[in-house]
Protein chains: 2
Amino acid sequence: MGGGSSGGSPGRGSRANIRDVARVAEVSVATASRVFSDSSLVRPATREKVLRAAESLGYLPNAHARALVGGGGHTVAFLTAEMVGPSFADLASGVEQVTAEYGHLFMLCTTHDDVEREQRYVRLMGEQRAAAVLLVGATEAGPDYQRRVLGYVKELGAVGTQLILCGRPPVSPGADVPSIEYDNLGGGYSATRHLLELGHRRILAVGFSPLQTTTGPRLTGARQAYGDAGLPVDDLLLAESCFSIEEGDRAVTQALAEDTGFTAVVAAADHVAIGCLRAIRRAGLRVPEDISLTGFDDIPVVSDLTPALTTVRVPFGELGRVSARVALDEVERRRYRHVVLPTELVVRASTAPPPPA
Amino acid sequence: MGGGSSGGSPGRGSRANIRDVARVAEVSVATASRVFSDSSLVRPATREKVLRAAESLGYLPNAHARALVGGGGHTVAFLTAEMVGPSFADLASGVEQVTAEYGHLFMLCTTHDDVEREQRYVRLMGEQRAAAVLLVGATEAGPDYQRRVLGYVKELGAVGTQLILCGRPPVSPGADVPSIEYDNLGGGYSATRHLLELGHRRILAVGFSPLQTTTGPRLTGARQAYGDAGLPVDDLLLAESCFSIEEGDRAVTQALAEDTGFTAVVAAADHVAIGCLRAIRRAGLRVPEDISLTGFDDIPVVSDLTPALTTVRVPFGELGRVSARVALDEVERRRYRHVVLPTELVVRASTAPPPPA
DNA sequence: TTGAAAGCGCTACCAA
DNA sequence: TTGGTAGCGCTTTCAA
């Protein structure tokens, strides 16, 4: 080291290619190719020779050249706003698992909720001739969104890349994009009904955005629970807020200050619920003795909070697996254009009857 | 639908290529190419024509063809055991962020701690001619591991792919693989010293594996703290256990049953600490009044536990960003073969002086 | 069972 | 400013 001029990694000049391998192995390029495509029409001895040559040259087939002639990429792109939270992890793992089973590559892209980044990535994945692009997770579902997705369908369709909506509802008529989602409305419904059945009447809803594809329907479900119980929906108090621990905290703190007399909080998501819990505590109140609290998602830690959180479980892993299968398997895709996986209420210790008035 | 025979996505037969675009735009292939490589030597009017043609054909450049001639992939592969936990999220986000800044693609692969999968992915990434492969996170650092990494260096080196160790120590002499890690030993040291300073003497260490690249040094640090304080290292009680909430729970439950008289627990990671907390509670003891507890990593939720957890903060985001920069920038790489980022003790409510004997 | 050669879609070089 | 064209590394006919 230090002295020589030709230092660096092995094969510094040009990388070995299949022609080099063929030459060293004293066979034709075609034969060498057959060996690496594990075709069976090669005599074992010949195969050995080729393999040895490859080994000695540090040869690795070039996936780009293969994709070029073979006609396709073998990548599944997973497009999400952020890669945070256990829900993300389960979902992504599910996709990754099935993707690997199909012998494809899993590619993760984060948009940070930036439309431009999203568009760039979709285009990029088209250029890569990805097998599929999964648009994952909650989003604001306005007309702009519809139009954007339609654009993606067209752009990707032209290069043979399949678009899939994962954890989102289908885009309305026209575009026929497969959509794998879960029952947000039902989850919101059962959480709220649970509280109503316990005797709560004035419930504070925190963290819901009516236009968002996940929390919107959850809110609708909550409303429906009031309706079905024959109770005035006006008793469902709405605290506007976003999707973080801090904002959940802030929202509840404010609601408490306004003294609107709620005895329970339905949070739009577990993270929000954690923030709510903080705020309730800080106000010197107890959960569930003074105020009941529910979350949504059932991320692992919420069972370790004090008290353990009552929440709605979402089958993230399965969502991922099903999405990937639909993305990669044409038969499944034809069969399942729209799948809605069930959600399930998990009652733990954060909900109880309201304190006696 | 149903009747026609030529249905399906647009351009059903063959996808448009640059030649088609050139033909429609009535220019040469070379000119069309220049437009998409945004080279400046094209008259605006011509550029327009080409762009319009591309648009009308739904043309998207083929990244594989480009990589083939351009000589390289633009992918950064992130190889980790699992994509769980906020630490993973921060780390991966950091890598992704910088990767995007360099105009590269971020690719995530999970090995599930399976050597075979790891090897397959490394090879696959070599075939993709990835710009870099990051081996991320804790691992058992035996001689097998050393040998394996050496193999990767050779395999990837031959195709021009850079290998980087991220959150792991360098492999010992010989292979010169860049390594970006953080101060595990120092973290273990300061957590333990903190407990010692509070007056604890018999401390239970949970979740450490001496051979593992992260918890191993953390344990060494803990021992060192005893040594530096002039205290018998034998008072650091070792509870063998793995890396999950459940195993932390089990370990502490057992230790409690054995009545070894410890007044504090150092957990090898926050997740383990959560399990310890569970066990301590179940035994009817309080944290920190009866038993103090520290974690490691500082994942977001631990500040919401009751009590908030004293732990060691790891700069995961920066770890990711630095790793990516070293991976992608030859100058940085030459300068920083080995980086150790600092860790920091965060004292919260789970630690206090031991109860009076 | 093996080999020769024609592309896959693109860029980059050299000429015009 | 534009066009012709030789590859990039590979697979895959078609022949031998």
Side-chain angles (χ1 to χ4, degrees), chain A residues 11 13-51 53-54 57-74 124 126-130 158-161, chain B residues 11 13-51 53-54 57-74 124 126-130 158-161:
Chain A
S14 52
R15 323 285 180 208
N17 62 26
I18 202 173
R19 218 147 20 232
D20 300 325
V21 174
R23 191 179 315 121
V24 171
E26 303 178 290
V27 300
S28 73
V29 173
T31 299
S33 172
R34 289 190 190 103
V35 170
F36 300 115
S37 315
D38 74 359
S39 127
S40 38
L41 322 87
V42 180
R43 185 152 43 99
T46 314
R47 166 186 306 275
E48 271 311 308
K49 261 199 310 188
V50 171
L51 256 18
L57 291 170
Y59 169 77
L60 233 44
N62 184 319
H64 296 296
R66 283 182 150 171
L68 187 53
V69 49
H74 282 189
L124 213 51
E127 295 181 354
Q128 302 284 330
R129 303 299 190 260
V159 296
T161 295
Chain B
S14 52
R15 323 286 180 207
N17 62 28
I18 201 171
R19 219 148 19 230
D20 300 323
V21 174
R23 191 180 315 120
V24 171
E26 303 179 288
V27 300
S28 73
V29 173
T31 300
S33 171
R34 287 189 192 104
V35 170
F36 301 116
S37 316
D38 75 0
S39 122
S40 39
L41 322 87
V42 180
R43 187 153 41 101
T46 314
R47 167 186 305 275
E48 271 311 308
K49 263 199 308 188
V50 172
L51 255 17
L57 290 170
Y59 170 78
L60 233 45
N62 184 319
H64 296 296
R66 282 182 152 171
L68 187 52
V69 49
H74 282 188
L124 213 51
E127 295 181 354
Q128 302 284 331
R129 304 300 191 258
V159 296
T161 295

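We name chains A, B, ... by the order of the sequence lines, and we start the count at 1 in each one. Just so you know, these numbers come straight off a predicted model, no measurement behind them. These numbers come from the heavy atoms of this one structure, side chains and all, not from hydrogens, waters or symmetry mates.
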* Run the side-chain contact (heavy atoms from CB on, under 4.5 Å) check on B:N17 and B:N62 step by step: do they pass? -> CA-CA 8 Å; B:N17 62 28; B:N62 184 319; over 6 Å; no

* To do: Would you please test A:Y59 and A:D20 for side-chain contact (heavy atoms from CB on, under 4.5 Å) and show each step?
  => CA-CA 9 Å; A:Y59 169 77; A:D20 300 325; over 6 Å; no

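By the 6.0 Å contact criterion, CD on A:E26 is open, its count of non-hydrogen atoms from other residues, nucleotides or ligands being 12 or less.
Under the 3.5 Å distance criterion, the side-chain polar atoms of A:T161 are left unmatched by any main-chain donor or acceptor of A:G126. Within the 3.5 Å criterion, the main-chain N or O of A:A65 finds no donor-acceptor partner in the side chain of B:H64.
Taking atom CZ of residue A:R47 and atom C1' of nucleotide C:dT2, one finds them 14 Å apart after rounding to whole Å. Taking atom CG of B:D20 as the reference point, atom P of C:dC8 lies 10 Å away to the nearest angstrom.
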* Using a 4.0 Å cut-off on protein heavy atoms (strictly under), produce a 5'-to-3' string for nucleotides 8-16 of chain D with B for base contact, S for backbone-only sugar-phosphate contact, and - for none. => BBSBBB---

